[in-house]
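Take a look at the structure below.
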Amino acid sequence: MVVVCPRSAYLFLQNLDTMTVVTRFAPSPTGFLHIGGARTALFNWLFARHHGGKFLLRIEDTDRARSTDDAVDAIYDGLKWLGLNWDEDAISQFSRVERHREVVETLLAQGNAYRCYCTREELAQMREQAQAEGRKWQYDGRWRDRDPSEAPPGVDPVVRLKAPRDGETVIFDHVQGEVRVANDQLDDMVLMRDDGTPTYMLAVVVDDHDMDITHIIRGDDHLTNAFRQAQIFLAMGWHIPEFAHIPLIHGPDGAKMSKRHGALGVDAYRDQGFLPEAMRNYLLRLGWAYGDEEVISTEQAIEWFSLENIGRSAARFDFAKLTHLNGLYIRSADDAYLVETIRPLMEKSRNEALNEGQIALLVRAMSGLKERAKDIQELADSAMFFVSPRPLSYTEKAMNLLDEDGLTHLRRLRDEFSALGDWKSDRIETHIREYADAGDPPIKLGKVAQPLRAALSGSTVSPPIFEVMALLGKEETLGRMDDALGTH
RNA sequence: GCCCCCAUCGUCUAGUGGCCUAGGACGCUGGCCUCUCACGCCGGAAACAGGGGUUCGAGUCCCCUUGGGGGCGCCA
């Protein structure tokens, strides 16, 4: 017997443009939303949006012992931060147990499933023995055709699928292509536990069917599950969704991205200063490509996304590239948006709220600031001096610039500045250049600009100093210069 | 162990038998720009895992080896 899961029969009748594509992201709430899950969600979201279909969210919480509400919230937060909005309400898989049981009953009644009275101990023993003999462990189906009247007393049975034993099962995966496995490699999986709760394998199939999922896009660690799930779909006589098993993401060292191996929740990336749009772009390019395109807006991603362009090999996570992309997005981001983004970080580190005037100043300063930041934490730090109260504290390097020579220039310039009427960046620059040129011998601009930078920003790095002076305003500039002169 | 998947610069990738003296990006690196730091610009080093086929012709197709990954739960 050959069980074939073809590219959906109805796909030949109606094409993707006219059918409603429905995808889903189905994480289990046992921890944060990690990077691999985020990419899976992104791909599902893009595919649905590309086809004008629906992207649903289902929380796979049938394992009551390991599911937590905090984890569910972390998943919601992560998806929201990434901008991956889902359609309709999220579905709790656990809330559907009655329906799952109903399907198990149907399978039982049809003779496609049976009760197995093996105890866990018995199973453990069989597994051990198989291992000792170097055999592959597989449930031998001993209760497959046994009469239930032989059931030992006091044992709550599990329900297993009566899976085909001969032939093979083949699926056509949109990423992996045609994959086939001999049915004798697949044993009779448990559909319902001895406590009457459905297993993941059963629940996924029932839910995907009931939710009218057309395309299952998920990590390729589920590839072998696809065969087992296909058998359930077939047993129920249900239409089988399209599959697309995407390669996993590995850590920078090539090892599996796991929680103890550098895998972080998306919240950690947010906290490290990455912009969601940069994250989306990076994740998209990890395993998917559109020619030589590197910087891809979300609109473009939706337009270009297709399953066929997904690569087949695992990718390593590269912080450097993410960081570079993040810098790109920061530079092209809206000034007010960036100020809003760094605002909480700044208020936290200065332990004081920013007032309206300060916000406005930061918005005006942003074009110079964002040019030199790779992440928003850095951006927040670099913006700090604009709103720091006098007198500023200086970094050690800044101190060194405020030496005798530096202070001499500051002193002279300070007097000249107070006479300067038009406090505009280019006017200030002209003035200082003239001052430097007038020296005998002429002074290098840096000799003047750096002490100014130190006095005005407290550090050795800042946006163009003439711009900073204009932004700060004449009064504040002179005040900060006085501070520097007074302290030394 | 068994089953399945994968394999182009350090990393992400383009490449669908001739357009490949293998392209782009990150990183690295030489230079330019320059008031600092960045950005930007110009240049450089850097890859088809190995071996067999198929073909007039292979990075592209097939097989084997090697290497990586995943799965083999009353977890999801």
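A note on names: the letters A, B, ... follow the listed sequences, proteins ahead of strands, and every chain is numbered from 1. Atoms considered below: every heavy atom in the structure, side chains included; atoms not considered: hydrogens, waters and symmetry mates.
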Quick one: are [X] and [Y] in side-chain contact, heavy atoms under 4.5 Å?
X: Y200(A); Y: E60(A); value: yes
X: L234(A); Y: I240(A); value: yes
X: H100(A); Y: T197(A); value: no

Atom [atom1], compared across [N] and [M]: separation rounded to whole Å:
N: U34(B); M: U11(B); atom1: P; answer: 38 Å
N: C19(B); M: G53(B); atom1: P; answer: 23 Å
N: U16(B); M: A58(B); atom1: C1'; answer: 12 Å

Do [X] and [Y] have a side chain donor and acceptor closer than 3.5 Å?
X: R280(A); Y: T298(A); result: yes
X: D207(A); Y: Q93(A); result: yes
X: N281(A); Y: Y329(A); result: yes
X: R218(A); Y: T40(A); result: no

Does U55(B) have a Watson-Crick or wobble mate here (both distances under 3.5 Å), and if so which one? none
Provide the Watson-Crick or G-U wobble partner of G67(B), both distances under 3.5 Å; none if there is no partner. C6(B)
Residue [X], side-chain heavy atoms: nucleotide from [options] that is nearest:
X: D292(A); options: A14(B), G27(B), G68(B); result: A14(B)
X: V158(A); options: C74(B), C26(B), C35(B); result: C74(B)
X: Y200(A); options: C12(B), A76(B), G69(B); result: A76(B)
X: K321(A); options: A25(B), G71(B), C74(B); result: A25(B)

Taking the six-membered ring of F25(A) (Phe, Tyr or Trp), confirm whether the NZ or CZ of R58(A) is under 6.0 Å from its centre and within 45° of its axis.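 No, a cation-pi geometry is absent between R58(A) and F25(A).
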If you draw a 6.0 Å radius around NZ in K447(A), do more than 12 non-hydrogen atoms from other residues or ligands fall strictly inside? no
Can you find a side chain N or O atom of [X] that sits less than 4.0 Å from OP1 or OP2 on [N]?
X: W288(A); N: C12(B); value: no
X: R64(A); N: A76(B); value: no
X: R127(A); N: C72(B); value: no

Under 3.5 Å, which protein N or O atoms sit close to an N or O of nucleotides 4-8 of chain B? Give each pair with its distance.
{"from": "C5(B)", "atom 1": "O3'", "to": "Q176(A)", "atom 2": "OE1", "distance (Å)": "3.3"}
{"from": "C5(B)", "atom 1": "O2'", "to": "Q176(A)", "atom 2": "OE1", "distance (Å)": "3.0"}

Does A76(B) have H222(A) stacked on its base, where the ring centres are within less than 5.5 Å and the planes differ by under 30°? yes
Got a list of protein N/O to nucleotides 59-61 of chain B N/O distances below 3.5 Å?
none

Could you tell me the separation between the CD1 atom of I330(A) and the CE atom of M366(A), rounded to the nearest 0.5 Å? 9.5 Å
Using a distance-only criterion (donor-acceptor N/O pair, under 3.5 Å, no hydrogens), is the base of C39(B) paired with the side chain of R372(A)? no
Taking any heavy-atom pair under 4.0 Å as a contact, classify T323(A): base, sugar-phosphate, or nothing.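 Result for T323(A) = nothing.
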